[in-house]
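Quantities reported herein were computed from a predicted structural model and do not represent experimental measurements. Indexing begins at 1, ligand by ligand and atom by atom, following the structure's order. Because only heavy atoms are used, hydrogens play no part in the values below, and waters and symmetry mates are left out as well, while side chains stay in.
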Amino acid sequence: MNNRKNAGEYFGSLVFNEGTMRDYIPETSLKAWRECVKNRSVLPEKIAADIADGMKRWALEQGATHYTHWFQPLTGETAEKHEGFLIPSGQDSFRMEFSSKELIKGEPDASSFPSGGLRSTFEARGYSAWDPTSYAFIKDKVLCIPTVFFSYSGEVLDKKTPLLRSGEALNRQAIRILRLLGDERTQSVITNVGAEQEYFLIRKDLFLKRDDLRLCGRTLFGADAPKKQELDDHYYGQIRPEVTAFMQDLNDELWKLGICAKTEHNEVAPAQYEMAPFFTNANLANDQNQLTMEIMKRVAEKHGLVCLLSEKPFAGINGSGKHVNWSVSTDSGENLFSPGRTPAENTRFLLFLAAFLKGVDEYYELLRSAAAYAGNDNRLGGQEAPPAIISVFIGSELENVVDSIIEGKTYDGGENASLAIGKDVLLQIGRDNTDRNRTSPLAFTGNKFEFRMVGSSQSIASPVAYLNTILAQELKEAADELEAAADPKEALNGLIRRMLTEHRRIVFNGNGYDGSWVEEAARRGLKNLKNTAQTVPEYASEKNIRLLTENGIYSHKEIESRNEIRVENYCSIITIEARTLVHMVRKGMLGAVSAYLSSLTADFGFERKQKEEIGRLGDHLYSALEALEEDLRKLNECGESGARLALCSDVLTADMKALREVIDQLEKRIDRRFWPYPDYTELLFSI
Ligand code: ADP
Ligand code: MG
């Protein structure tokens with residue numbers, strides 16, 4: 001019997017969205033709120049009071065007992081501190097209270113969140129302020145109010161604020177361009193984002209047996225299972241009933257939260273899956289992706305599973321990424337990256353395209369930095385995910401268009417397209433088949449760009465903020481030039497041609513996994529920033545500081561503090577991994593090797609061979625362990641963060657790799673009954 005409700009009935013039931021607000025907030029206040037959001041102006045006290053009251057009544061009716069300002073500190077996770085609605089109102093009575101003040105501003109203690117030196121120790125206070133452009137929702141009987149988070153002196157301490165600011169910067173510049181193109185109607189321009197989320201599911205009982213999974217979210221050793229992904233039998237394969245049950249539950253929870261979970265399928269690696277929501281505006285998409293990651297982990301636990309969001313939980317098979325689909329549209333829903341139906345729309349498209357290509361070419365180090373993360377270092381450039389070199393895939397058809405413009409020729413694209421810039425001809429660009437080229441870090445897929453480099457566990461806030469900002473900057477430069485031109489139409493054509501000509505090198509449609517691309521990219525002068533450490537000096541470069549400060553995204557201090565936090569975060573992750581490996585070798589493996597060796601009687605030739613071989617590997621294990629321990633001790637002597645970064649990035653990772661190689665050899669040889677950890681076969685092929 002089917003006792004499930006029609007999904008349409010509960011979609012968004014835990015969200016205080018516009019529909020719900022209409023039932024709880026007086027019409028005039030709701031209208032005033034919409035105006036304030038649109039004009040980005042301060043909400044009058046009376047309106048805020050009406051909203052707080054409506055929100056409280058709704059939340060209490062849904063059974064909520066607490067509320068929280070929900071924010072996104074620089075850990076990349078979300079944070080919450082619950083407050084009960086309940087306050088005593090006499091000897092034995094109480095009432096449920098939630099005022100406009102509580103809605104608008106909170107004062108969580110900021111001292112334990114990363115601030116990269118922005119918050120002086122004597123001033124621990126941080127403030128959270130309601131973000132009225134994202135909806136409040138209920139999670140575990142707690143009313144969650146999306147907020148931004150900043151320090152006493154006003155410095156930004158979260159991931160959401162820069163994202164909001166970048167949206168405003170892009171809006172400002174895009175409107176200028178649209179006006180220059182004769183569009184008087186569009187009032188605002190927004191970015192849309194759909195973040196495809198990859199993840200692994202494994203059995204919880206097995207997860208608990210591996211300290212590396214528990215502490216680091218990924219395996220630090222493990223020999224290949226006899227079968228990996230070579231049969232291509234998992235990708236889009238039939239979904240197992242246990243996983244289907246998880247996905248159904250996940251969808252229910254996400255739908256209640258108004259998250260339009262739409263696509264679900266098996267991914268390439270065994271035990272790997274993907275969920276893609278329907279796209280929405282960037283701010284909401286970011287909130288929703290944070291929630292999605294959290295809900296995935298919880299729902300998995302209910303099913304006796306663990307959801308791994310790490311970028312590379314298992315060596316030898318694909319890791320997980322997050323494809324961030326990004327586009328820009330007007331308030332009437334016109335997609336500005338959509339090749340148009342009219343010549344004017346085509347010109348607009350080409351201008352936005354050229355501006356974006358120029359932006360990526362000029363600021364690719366910033367985009368690369370946004371995807372730089374300890375976990376992602378294990379995935380990028382490994383023939384399974386984009387290389388660490390940024391380029392843009394635009395498909396052969398559009399590449400021909402770009403080349404015709406550069407050469408000043410009329411583009412003849414066969415039956416459906418011909419184009420000469422400035423002439424009134426139609427251009428239709430089909431969704432190029434080759435957009436299935438999954439090797440590009442940044443691909444144009446018909447009417448949006450797909451940033452495929454981002455790691456599966458990372459917040460999408462910074463990657464999206466930087467995509468927005470570089471486009472804003474290029475549109476600004478274009479608008480400055482066009483506004484100053486005597487003949488804007490003539491100038492426009494020249495400008496598009498120049499931008500494409502000068503930044504042609506960033507376009508690459510070939511196979512990014514191919515070794516020859518590394519050489520080709522070097523010839524083009526594109527840097528190959530192989531790991532997080534290499535992005536550190538690039539991130540806070542002078543040109544990025546100019547870009548980010550001039551567009552109002554960060555102050556100079558905020559950029560440096562963020563870089564400091566990136567270094568700290570990277571070093572902490574590597575150090576924890578190194579310590580975990582030491583712990584597992586000492587507490588689990590050395591004893592296993594000895595016990596197994598003692599169990600071998602050496603009465604037979606094969607036993608003597610094994611003894612000899614395993615004994616030798618045991619010696620290697622011990623010396624590799626001592627090398628790692630010795631280098632870990634050096635961390636204490638590293639004064640400044642640069643030295644620590646170099647030690648972690650160059651030395652500790654190499655030590656761990658060497659140690660892992662011996663461990664994997666031993667694991668393959670030691671009897672299951674002696675080896676204390678589940679192997680890749682058990683972990684990957686048990687559901
Ligand atoms: P796939 O990459 O699997 O072929 P799609 O490219 O159609 O699938 O969509 C992947 C994601 O892109 C989905 O989250 C979808 O909602 C989102 N998406 C589709 N169109 C846009 C758009 N114009 N702007 C931003 N995201 C979009
Ligand atoms: Mg896609």
Is a salt bridge present between [X] and [Y], judged by a nitrogen-to-oxygen distance below 4.0 Å?
{"X": "D331", "Y": "K38", "value": "no"}
{"X": "R240", "Y": "E242", "value": "no"}
{"X": "E274", "Y": "K322", "value": "no"}
{"X": "R379", "Y": "E198", "value": "no"}
{"X": "E253", "Y": "R298", "value": "no"}

Ligand 1 atoms in contact with [X] (distance to a heavy atom under 4.0 Å):
{"X": "G194", "result": "14 (O), 26 (N)"}
{"X": "F278", "result": "16 (O)"}
{"X": "K448", "result": "5 (P), 6 (O), 12 (O), 18 (N), 19 (C), 20 (N), 21 (C), 22 (C), 26 (N), 27 (C)"}

Taking non-hydrogen atoms only, is [X] closer than 4.0 angstrom to ligand 1 via side chain, backbone, both or neither?
{"X": "N335", "result": "side chain"}
{"X": "E196", "result": "side chain"}
{"X": "H323", "result": "neither"}

Is the closest N or O pair between [X] and ligand 1 shorter than 3.5 Å?
{"X": "P277", "result": "yes"}
{"X": "A276", "result": "no"}
{"X": "S327", "result": "yes"}
{"X": "N325", "result": "yes"}

Side-chain H-bond candidate by donor/acceptor type, T186 with D183, under 3.5 Å
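Side-chain D/A pair, T186 to D183: present.
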Let me know which of F444, F279, F337, Y466 forms a ring pair (Phe, Tyr, Trp, His ring centres under 6.0 Å) with W326.
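Between W326 and the candidates, ring pair (Phe, Tyr, Trp, His ring centres under 6.0 Å) is satisfied uniquely by F337.
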